Number of protein chains: 2
Amino acid sequence: MTHRTVGGGPGLPAGDPRALVDAPSPDCPVEIALAALRGRWTTLVVRELLGGERGYGELRAALPKLSDKVLSERLAQLAGAGVVVRERRPGWPPTVRYALTPRGRELGPVLQALWDWGAAAD
Amino acid sequence: MTHRTVGGGPGLPAGDPRALVDAPSPDCPVEIALAALRGRWTTLVVRELLGGERGYGELRAALPKLSDKVLSERLAQLAGAGVVVRERRPGWPPTVRYALTPRGRELGPVLQALWDWGAAAD
DNA sequence: CAGCATCCATTCAGATACTG
DNA sequence: CAGTATCTGAATGGATGCTG
């Protein structure tokens, strides 16, 4: 055994240049994750979807104070981040289902870490 | 043994009302944590301080593209969140040292979780 | 049903200049 | 050395109204 985290698996970098940036960079993994969660309401939308797939109207009903504009923005943002998939169901009236991707479900531990830190009184 | 996470320790809530909010709330632990990390440059400032205490000028040197205005704002924000302490050293020229609090050091695992998610290719 | 378009108020970050 | 003051442009979020 020589140094920590040199082997495999996740972990803070052993020489990963993205840990040395001297300015905010879209390539930094921390920024990637924070970008996915950025913006008001985002974590609440993810929380709803952690309970299973939902239709647009179900999301509106669960978060009644969230406007169409921002909800659409958040869903597009989360879809762009690979967190959410949008599925159109044929027929009338048109229905749409939103669900977390596997990558989206992996946000569970991240939100857990944030919760634990924020809940700790210290 | 009955249910998960009912006992002690951290974990997603067993009946914590803060997990059921229908709008962004400053009481939600996740929001508390994200508020501490919010804003451009914030995580980079924390990263610098994870390497040990620093003076104002050392932070400026490590992050040369960060303006005085934003650096001051971030340090005040982090101090308000209990992440950083500011210590004035007497004498001339005036010097100041910034260091993470114990609570600030506990951001390590949070940043690790964010890093791991952002670094995962999936 | 599931949204997009538009307008407006607020917040945010960068640049520059000045101070205890 | 370690900041604060001020200004400006960009991004953000909410409200309202319209559409496939």
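Values reported hereafter were calculated over all heavy atoms of this structure, with side chains retained and with hydrogens, waters and symmetry mates removed. In this text the structure is predicted, and so the values were computed from the model without any measurement.
Per the geometry, CZ belonging to A/Arg97 stands 13 Å off P belonging to C/dC1, to the nearest Å. In this structure, B/Lys65 places its NZ atom 17 Å from P of C/dA13, rounding to the nearest Å. Distance B/Leu66 CG to C/dG14 P: 8 Å, rounded to the nearest Å. Regarding B/Leu71, its CG atom lies at a distance of 14 Å from the P atom of C/dA15, rounded to whole Å.
Place B/Pro24 and B/Tyr98 on DNA chain D by their nearest nucleotides, and B/Tyr98 ends up nearer the 5' end. Heavy-atom nearest nucleotides on DNA chain C were determined for A/Leu75 and for B/Glu73, and the one closer to the 5' end corresponds to A/Leu75.
Atom CD of B/Glu73 is separated from atom CG of B/Asp68 by 11.0 Å, given to the nearest 0.5 angstrom. In this structure, A/Leu37 CG and A/Gln77 CD are separated by 8.5 Å, a value rounded to the nearest 0.5 Å.
A donor-acceptor contact shorter than 3.5 Å links the side chain of A/Arg54 to the backbone of A/Gly52. Judged by distance alone, with hydrogens and angles left aside, the side-chain atoms of A/Arg103 form no donor-acceptor pair with the main-chain N or O of B/Ala121 at under 3.5 Å. Distance alone, capped at 3.5 Å, places no donor-acceptor pair between the B/Glu106 side chain and the B/Val83 backbone. Without hydrogens or angle criteria, B/Glu58 side chain to B/Gly55 main chain gives a donor-acceptor distance under 3.5 Å.
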Apply salt bridge (Lys or Arg N to Asp or Glu O under 4.0 Å) to A/Glu53 and A/Arg89, showing your working. CA-CA 13 Å; A/Glu53 62 169 52; A/Arg89 297 277 173 86; 3.6 Å; yes
Derivation of the salt bridge (Lys or Arg N to Asp or Glu O under 4.0 Å) call for B/Glu87 and B/Arg97: CA-CA 5 Å; B/Glu87 188 193 346; B/Arg97 299 255 97 193; over 6 Å; no
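Closest to the side chain of B/Pro94, from the set D/dC1, C/dC1, C/dA13, is D/dC1.
A/Arg74 comes within 4.0 angstrom of the backbone, heavy atoms only, and of no base. Residue-level contact check: A/Thr95 touches the backbone only, with heavy atoms under 4.0 Å from sugar-phosphate atoms and none from bases.
Shown are A/Pro24, A/Pro26, A/Ser25; of these, the side chain to side chain contact (heavy atoms under 4.5 Å, CB included) with A/Glu31 is made only by A/Pro24.
Contacts between residues 37-55 of chain A and DNA chain D, counted as heavy-atom distances below 4.0 Å, involve A/Gly39, A/Arg40, A/Trp41.
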Contact state string [nucleotides 4-10 of chain C, B base, S sugar-phosphate only, - no protein heavy atom under 4.0 Å]: B-B----
